[in-house]
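Here the structure is laid out as structure tokens; the discussion comes afterwards.
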Amino acid sequence: MSSKQRFRLAEYYQQGPKYYHATFDHLTHKINQQGKKIPTALLKDVYLVDKYGKKIALRKANDFIDKKGRHIIADHLWVKFTKPWFDLPTELVKGDEIYFAAEVEQYKINRLDVLHKRDQIWLNAEKRSKQIYQRWSKYTETHKRKNFQLSLTKMKQKQREIIEKAKRDQKKKKLVDYTLNRIKNIKIAKISKTKSNFDRTQYNYSQFKRQGYKYSAWLAYRSMNYAK
């Protein structure tokens, strides 16, 4: 999982709908909490635009810049393939670019990479705290301290500061992630030339309502097969 994934998207959480530009990759499915297969789309290189699709300039020191020099706010996202997608004039394939209005959604995660980082912060703090005590103890054994109690208090204070900082740093590594939800007003910004053996179709919402997963699985198969 990319460390740069969604690192700026969190800044727009609970700020209402904004417009985003993204490159379409493919359709697939995820399983929700009720065990139902939900069609989802993989979007890449997501950046902010206005309602006309014009890029909004971002300039932060920790920005991730894509191959085209754009300051993106997410390197990739999985989003729900909902009714507004079916209003598009044509089926999307890998490389097509779109822009749309959406809201940032927060959800809980249990990713091992985040858990490992949180654990490592604590282990490093404990190691530093132990080193401070060992240095203090060794010096105390070989030197007579005039102000023993004062030096002991200072040493313990340093240990507390290290532990408190570790707790703050752990909280920054939240066990939540972000994506885009309530997508609407999807527009095509750039349509790719398709492979010679592939003919685009048009999404059919009525067929999806009738056939459900059978139809969305067919769309996903076409999409993933094209993206290979």
Side-chain angles (χ1 to χ4, degrees), residues 5-6 8-9 12 15-32 36-58 64-105 107 178-228:
Q5 180 188 13
R6 295 177 280 275
R8 287 286 299 278
L9 202 58
Y12 306 99
Q15 291 192 22
K18 296 185 182 300
Y19 279 84
Y20 301 88
H21 182 288
T23 301
F24 181 84
D25 193 271
H26 70 274
L27 292 179
T28 185
H29 289 80
K30 71 174 183 179
I31 299 176
N32 65 10
K36 184 179 179 181
K37 292 180 179 179
I38 305 297
T40 57
L42 174 60
L43 304 179
K44 293 188 174 181
D45 293 344
V46 183
Y47 59 89
L48 277 174
V49 293
D50 62 21
K51 64 180 180 179
Y52 303 107
K54 185 178 179 180
K55 182 175 67 173
I56 295 175
L58 298 174
F64 177 66
I65 302 175
D66 69 7
K67 294 178 181 178
K68 295 183 179 181
R70 298 172 299 201
H71 289 239
I72 63 173
I73 60 172
D75 59 358
H76 71 282
L77 294 172
W78 293 98
V79 299
K80 296 175 184 176
F81 194 75
T82 51
K83 189 176 184 299
W85 292 87
F86 290 84
D87 294 331
L88 285 168
T90 183
E91 174 184 24
L92 297 179
V93 299
K94 183 174 182 178
D96 289 343
E97 297 181 27
I98 57 175
Y99 67 96
F100 51 87
E103 296 181 35
V104 175
E105 177 184 62
Y107 60 95
Y178 300 86
T179 188
L180 295 175
N181 197 8
R182 300 182 180 88
I183 291 177
K184 60 184 179 180
N185 301 333
I186 307 173
K187 307 292 183 184
I188 295 177
K190 179 182 177 182
I191 199 85
S192 302
K193 183 179 179 181
T194 56
K195 299 175 182 178
S196 58
N197 62 344
F198 187 89
D199 292 321
R200 292 180 190 258
T201 185
Q202 189 171 5
Y203 300 130
N204 190 319
Y205 188 69
S206 296
Q207 190 172 353
F208 174 61
K209 291 293 287 183
R210 289 196 310 270
Q211 297 182 319
Y213 174 70
K214 183 178 180 180
Y215 177 65
S216 60
W218 177 72
L219 290 177
Y221 171 78
R222 286 172 57 83
S223 179
M224 289 188 289
N225 190 55
Y226 184 90
K228 289 180 180 178

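Everything numeric in this text was worked out from a predicted model, so none of it was measured.
The nearest pair of heavy atoms linking Y20 to I73 is CE2-CD1, 3.4 Å. Among all heavy-atom pairs drawn from D45 and I72, the shortest one is OD1-CD1, 3.8 Å. For the residue pair L88 and Y203, the shortest heavy atom distance occurs at CD1-CE1, 4.3 Å. Here the closest non-hydrogen pair linking I183 and A102 is CG1-CB, 3.7 Å. Taking each heavy atom of H71 and Y47 in turn, the nearest pair found is O-CB, 3.8 Å. Of all heavy-atom pairs between H29 and S216, the closest is NE2-OG, 2.8 Å.
Taking the six-membered ring for Trp, F208 and F81 have ring centres at least 6.0 Å apart. Ring centroids of W78 and H26 are separated by less than 6.0 Å, placing the two rings close together.
The number of heavy-atom neighbours closer than 6.0 Å to OH of Y221, taken from other residues, nucleotides and ligands shown, is 12 or below. For R182, the CZ atom sits in a loose shell: 12 or fewer heavy atoms of surrounding residues, nucleotides or ligands are nearer than 6.0 Å. Within a 6.0 Å sphere centred on NZ of K214, other residues, nucleotides and ligands contribute 12 heavy atoms or fewer.
Between Y99 and Y19, the ring planes lie tilted relative to each other; the angle falls in the 30° to 60° range.
Results of the side-chain hydrogen bond (donor to acceptor under 3.5 Å, both in side chains) test with Q207 over R210, Q211, K209 single out Q211 as the only residue that passes.
Interatomic distance, CZ of F24 versus NZ of K94, reported as 11.0 Å (0.5 Å rounding).
For I56, the side chain to side chain contact (heavy atoms under 4.5 Å, CB included) criterion is met by L48, not counting sequence neighbours.
A 4.5 Å side-chain heavy-atom check between R222 and T201 finds at least one atom pair inside the cut-off.
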